[in-house]
Amino acid sequence: MLKITDINKVRLSGRVLEGPEYSHKTYGEAFYLMLLGIFRKSGNEDRIRLIVPEKLLGGRSPKENELLDICGQIRTYNRRENGRSKLEIMVFVQDISRGGNDFCYENEVDIEGYICKEPVRRSSPLGREICDLLIAVNRPFNKSDYIPTIAWGRNAVNCSRFYVGDKVYIKGRIQSREYRKYIEEKGLVTKTAYELSAIRTELVNDDPGSV
């Protein structure tokens, strides 16, 4: 059984698509929004939202298509939209640097948290096994981030056996995907969903005497 301490780690290498744009100020510190593009091997590009403390920008604004290396954590926030609560998923940046000569696109996430909603197992239109999860990852000051996660194939079958309250380790990548939704007075609207695509999943034993 894998033995791991609490985890919420994100490593990204991609190109600047948008920003930085001022977002808000907390305890006197300003934060900015950016959009980072990361190409998959398939050629599709994930568009990942970042929230960056002003102090990390060092008085400069990364330009469009500039290559960056990012380290941080997944953060989730509830935002009111049309009278309903919408889960916002971003990467809180803890370190940022320019991509070097050996730059390559990277999108790696490691989290450890608790199953907080019953897993939903289903099949894709092509018959591939899928399992939807919601993982609660604790952070200081009694806060938690609730991370929507999707598993495929064997991982999906494995995840469908998890129970609410199980502690799990997940390795994967952040993915974005567009979908269309009908909204009154607006008709069909294109929206973007964000989730963690699981590559590896494993139960974690909290017993300190286990190995």
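Ser124 approaches Ile130 most closely through the heavy-atom pair CB-CD1, 3.7 Å. Shown here for Pro62 and Leu68, the closest heavy-atom pair between the two residues is CB-CD1, 4.1 Å. The shortest non-hydrogen separation linking Ile174 to Leu196 is N-CD1, 4.3 Å. Leu133 and Cys159 make their closest contact through CD1-SG, 3.7 Å (heavy atoms, listed as atom of the first residue, atom of the second, distance). The two residues Asp110 and Arg11 make their nearest non-hydrogen contact at OD2-NH2, 2.6 Å. The two residues Ile51 and His24 come nearest to each other via the heavy atoms CD1-CE1, 3.4 Å.
For Phe31, the CZ atom counts as densely surrounded, since its 6.0 Å shell holds more than 12 non-hydrogen atoms of other residues, nucleotides or ligands. Counting heavy atoms of neighbouring residues, nucleotides and ligands inside a 6.0 Å radius, atom CD of Glu29 exceeds 12 of them. Within a 6.0 Å radius of CZ in Arg60, more than 12 heavy atoms belonging to other residues, nucleotides or ligands are found. The 12-atom threshold is not exceeded at NZ of Lys9, counting heavy atoms of other residues, nucleotides or ligands nearer than 6.0 Å.
Taking 4.5 Å as the limit, every side-chain heavy atom of Tyr32 sits out of range of all side-chain heavy atoms of Ser61. Ile74 is not listed as a side-chain neighbour of Val137, based on a closest heavy-atom distance of 4.5 Å or more. Leu12 places a side-chain heavy atom less than 4.5 Å from the side chain of Leu50. Taking the side chain as every heavy atom from C-beta outward, Leu33 and Glu18 never approach each other to under 4.5 Å. Considering only heavy atoms from C-beta on, Met34 stays 4.5 Å or farther from Val93 through its side chain. At least one side-chain heavy atom of Leu57 sits under 4.5 Å from a side-chain heavy atom of Pro20.
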Discussion item. Applying side-chain contact (heavy atoms from CB on, under 4.5 Å) to Leu17 and Arg47, what does each step give before you reach the verdict?
Written reply: CA-CA 8 Å; Leu17 299 178; Arg47 302 166 61 88; 3.5 Å; yes
Fill in: side-chain contact (heavy atoms from CB on, under 4.5 Å) assessment of Gln94 paired with Val10
CA-CA 10 Å; Gln94 297 172 315; Val10 178; over 6 Å; no
Item to complete: Could you give me the CA-CA distance, side-chain angles and deciding distance for Ile48 and Tyr194, then say whether side-chain contact (heavy atoms from CB on, under 4.5 Å) is met?
Response: CA-CA 8 Å; Ile48 298 172; Tyr194 299 89; 5.7 Å; no
Worksheet item: For Val168 and Thr201, what are the C-alpha separation, side-chain angles and deciding distance, and is it a side-chain contact (heavy atoms from CB on, under 4.5 Å)?
Response: CA-CA 7 Å; Val168 295; Thr201 59; over 6 Å; no
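For the atom pair CE (Met90) and CZ (Arg75), the distance works out to 12.0 Å, reported to the nearest 0.5 Å. The CZ atom of Arg173 sits 6.5 Å away from the CG atom of Asn107 when rounded to the nearest 0.5 Å. Note: Glu112 CD to Asn138 CG = 10.0 Å, rounded to the nearest 0.5 Å. Taken to the nearest 0.5 Å, the CD1 atom of Ile135 stands 7.0 Å off from the SG atom of Cys116. Rounding to the nearest 0.5 angstrom, the gap separating the CD atom in Gln175 from the CD1 atom in Ile150 is 6.5 Å. The distance from atom CZ of Phe103 to atom CG of Leu67, rounded to the nearest 0.5 Å, is 4.5 Å.
No donor-acceptor distance shorter than 3.5 angstrom exists from the side chain of Asp46 to the backbone of Arg40, with no hydrogens or angles considered. A distance-only check finds no donor-acceptor pair linking the side chain of Asp132 to the backbone of Pro148 [under 3.5 Å]. A donor-acceptor contact shorter than 3.5 Å links the side chain of Thr149 to the backbone of Ile147.
Residue Leu56 is grouped with residue Val91 when hydrophobic side chains (ILVMFWY) are merged at heavy-atom distances under 4.5 angstrom, including chains of intermediate members. Residues Leu134 and Val120 are members of separate hydrophobic clusters, defined by side-chain heavy-atom contacts under 4.5 angstrom among Ile, Leu, Val, Met, Phe, Trp and Tyr. Linking ILVMFWY side-chain heavy atoms closer than 4.5 Å, directly or via other members, places Trp152 and Ile170 in two distinct hydrophobic clusters.
By the 4.0 Å N-to-carboxylate-O rule, Arg15 lies close enough to Glu45 to be salt-bridged with it.
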